[in-house]
Amino acid sequence: MIKLSIIIPIYNSEKYLSNCIKSTLNQDLSKSEYEIILINDGSTDGSENIILPFEEANDNIIYLKQNNKGVSSARNWGLTIAKGNYVTFIDSDDSINENTLGSIVAAAIKENLDILYLNLTYCDSNGIFIEDSPKVGSDELVHNGFVHERRTFISTLYKKELIKNIYFVPGIIVGEDTVFNAMAQSKALRCSYFSLPYYNYFQHANSASNKTKSEKVFNGCLIAIKKLEEFKIQNFPNPKAIEEEYFNKVKLIFLQRLLDWNIVPTLNKKRFTKVKLFLKENNLTYLEDLISKQYKFFNKPFVLFFIFHFLVKKYLYLKLIFDKAKRKISKSK
């Protein structure tokens, strides 16, 4: 019986790939109990040359190739063939700790969990420890998806039955994992956390999360908000207050990103207008009032929004100059 499917999308990650695959093989599960699904998303480097010897030597490795379609497409292909009772994902430039999967899978099976959040450590590109990710719940507590604290998909175990009709949404460049996780957890009845040190997340300068200013990222945030609303309507047509609040929190994450990344820094009227029109067309104008608690005047005409945030930026700039001058005078005394 295959207890676990590990899905690893790969795109031009030859520098880190061997370490990633080795970490999934140095485990305390029998090879008959878990499978490693490697999806090469059109890599143009030497990634395939690294993969092939691993595939030949390990019968629990499944290797798939596709033209470059993006990480969401690669993960979705892995989901369609995964045979494990549980599924997890690993990025090809990350790794997991040796002999951890046995305890993790056992914990999930024992408590019949739909979602098990796992310990994650942030490292720099050289593998130097930065910090531990905050805990998501505790080992002893089990809650349903609307009560349990939510976190994005990395270092998360999902019951395959739970996500059989849930897939990653193409077109979301940053945060595709957030949308997937939010949809999955809304259907979960039993969620928990396991504190065993497990996942090593390596932060690189060229990671997708550092490319936030592009039009693709901007449009991807709009897609995320729309998809979350569509999913809520389809699965929770008469949402309770706790369900409405749950989905609003995730939609506001993407609306906040639009403002932080693409509107407030440049006070771009075109993008401001596009977001407002999008919200109106999708019956989401109530989000304007919610986000305006943090971003003043977003629920007003652009001229008021512009004046307020322009003055705030000028104030912060002048305050910075004043503080520098004050420190300089203080040092000279």
Side-chain angles (χ1 to χ4, degrees), residues 69-73 75-76 79 145-146 150-153 162-163 165-188 208-209 211-306 308-309:
K69 299 178 183 178
V71 66
S72 291
S73 172
R75 290 176 184 144
N76 287 341
L79 284 171
F146 290 112
R150 196 189 64 79
R151 188 178 67 187
T152 192
F153 91 95
L162 174 76
I163 57 173
N165 295 317
I166 298 175
Y167 294 95
F168 290 88
V169 181
I172 303 175
I173 309 303
V174 178
E176 74 287 339
D177 47 338
T178 302
V179 175
F180 177 88
N181 175 267
M183 294 189 296
Q185 184 157 320
S186 72
K187 308 289 284 184
S209 59
K211 302 174 182 178
T212 57
K213 303 294 189 292
S214 73
E215 194 70 20
K216 285 184 177 181
V217 171
F218 177 83
N219 291 329
C221 288
L222 297 178
I223 292 171
I225 295 170
K226 185 173 183 178
K227 183 63 180 179
L228 287 163
E229 178 66 9
E230 290 174 347
F231 183 87
K232 185 201 73 175
I233 292 171
Q234 181 179 358
N235 293 274
F236 305 92
N238 299 298
K240 301 174 184 177
I242 192 173
E243 297 166 349
E244 193 73 61
E245 182 183 10
Y246 173 92
F247 284 103
N248 281 344
K249 282 183 178 179
V250 190
K251 285 180 280 189
L252 287 171
I253 289 172
F254 287 95
L255 188 51
Q256 179 180 349
R257 288 174 177 176
L258 286 168
L259 284 156
D260 281 344
W261 297 343
N262 305 111
I263 296 177
V264 172
T266 59
L267 295 177
N268 187 301
K269 182 178 180 180
K270 181 179 178 181
R271 286 182 167 175
F272 176 92
T273 303
K274 184 174 181 178
V275 172
K276 298 266 279 193
L277 180 61
F278 165 85
L279 295 175
K280 182 178 180 180
E281 290 174 344
N282 290 278
N283 298 314
L284 295 169
T285 53
Y286 67 90
L287 292 177
E288 293 182 16
D289 292 330
L290 294 178
I291 201 70
S292 291
K293 295 174 183 178
Q294 181 178 358
Y295 299 86
K296 301 297 183 183
F297 296 106
F298 182 74
N299 57 346
K300 305 296 182 182
F302 178 73
V303 62
L304 294 178
F305 177 85
F306 177 89
F308 176 82
H309 290 279

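Looking at every heavy atom in both residues, E288 comes nearest to L279 through CG-CD1, 3.8 Å. Heavy atoms only, all atoms of each residue included: L222 and F278 are closest at O-CZ, 3.2 Å. Across all their heavy atoms, R257 and C221 have their closest contact at CB-SG, 4.2 Å. Of all heavy-atom pairs spanning F168 and D177, the tightest one is CE2-CA, 4.0 Å. The minimum heavy-atom distance between L228 and A182, with the atom names listed, is CD2-CB, 4.0 Å. Between V264 and Y295, the shortest heavy-atom distance links the atoms CG2-CD2, 4.1 Å.
Counting only distance, with no hydrogens or angles, the side chain of E244 and the backbone of P239 share no donor-acceptor pair below 3.5 Å. With hydrogens and angles ignored, the 3.5 Å screen pairs no side-chain donor or acceptor of S73 with any backbone N or O of G70. A donor-acceptor pair under 3.5 Å links the side-chain atoms of T273 to the main chain of K269, judged by distance alone.
Remark: the N181 side chain and the R151 side chain contain no N/O donor-acceptor pair separated by less than 3.5 Å. For the residue pair K274/N219, the side-chain donor-acceptor check at 3.5 Å is satisfied. Between the side chains of K213 and N262, no donor-acceptor pair is found at a separation under 3.5 Å.
The line from NZ of K280 to OG1 of T285 is 9.0 Å long, rounded to the nearest 0.5 Å. Atom-to-atom distance recorded for L304:CG and H309:NE2 is 10.5 Å, nearest 0.5 angstrom. For the atom pair I263 CD1 and K270 NZ, the distance stands at 13.0 Å (nearest 0.5 Å). In this structure, CG in L259 is found 11.5 Å from CG in N268, a value given to the nearest 0.5 Å. How far CD1 of I253 is from CD1 of I291: 10.0 Å, rounded to the nearest 0.5 Å. If you take CG on L287 and CD on E229, they are separated by 8.0 Å, rounding to the nearest 0.5 Å.
By the 30° and 60° cut-offs, the orientation of the rings of F247 relative to F146 is perpendicular.
Ionic pairing of E176 and R75 is present here: one or more N-O contacts between side-chain nitrogen and carboxylate oxygen are shorter than 4.0 angstrom. Using a 4.0 Å cut-off between charged side-chain N and carboxylate O, R271 and E215 make a salt bridge. The residues K232 and E243 are annotated as not salt-bridged, no charged nitrogen and carboxylate oxygen being separated by less than 4.0 angstrom.
For F298 and F272, the distance between ring centers is under 6.0 angstrom.
Side-chain contact check for F297 versus S292: every heavy-atom pair is 4.5 Å or farther apart. Side-chain contact check for F254 versus L258: every heavy-atom pair is 4.5 Å or farther apart.
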Steps toward side-chain contact (heavy atoms from CB on, under 4.5 Å) verdict (V250, V179):
CA-CA 8 Å; V250 190; V179 175; 5.7 Å; no

Step by step, work out the side-chain contact (heavy atoms from CB on, under 4.5 Å) result for R150 and Y246.
CA-CA 10 Å; R150 196 189 64 79; Y246 173 92; 3.5 Å; yes

Give the C-alpha distance, both sets of side-chain angles, the deciding distance and a yes or no for side-chain contact (heavy atoms from CB on, under 4.5 Å) between V174 and W261.
CA-CA 12 Å; V174 178; W261 297 343; 3.8 Å; yes

Trace of the side-chain contact (heavy atoms from CB on, under 4.5 Å) decision for N299 with F305:
CA-CA 8 Å; N299 57 346; F305 177 85; over 6 Å; no

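When the shell of 6.0 Å around NZ of K276 is examined, it contains more than 12 heavy atoms from other residues, nucleotides or ligands.
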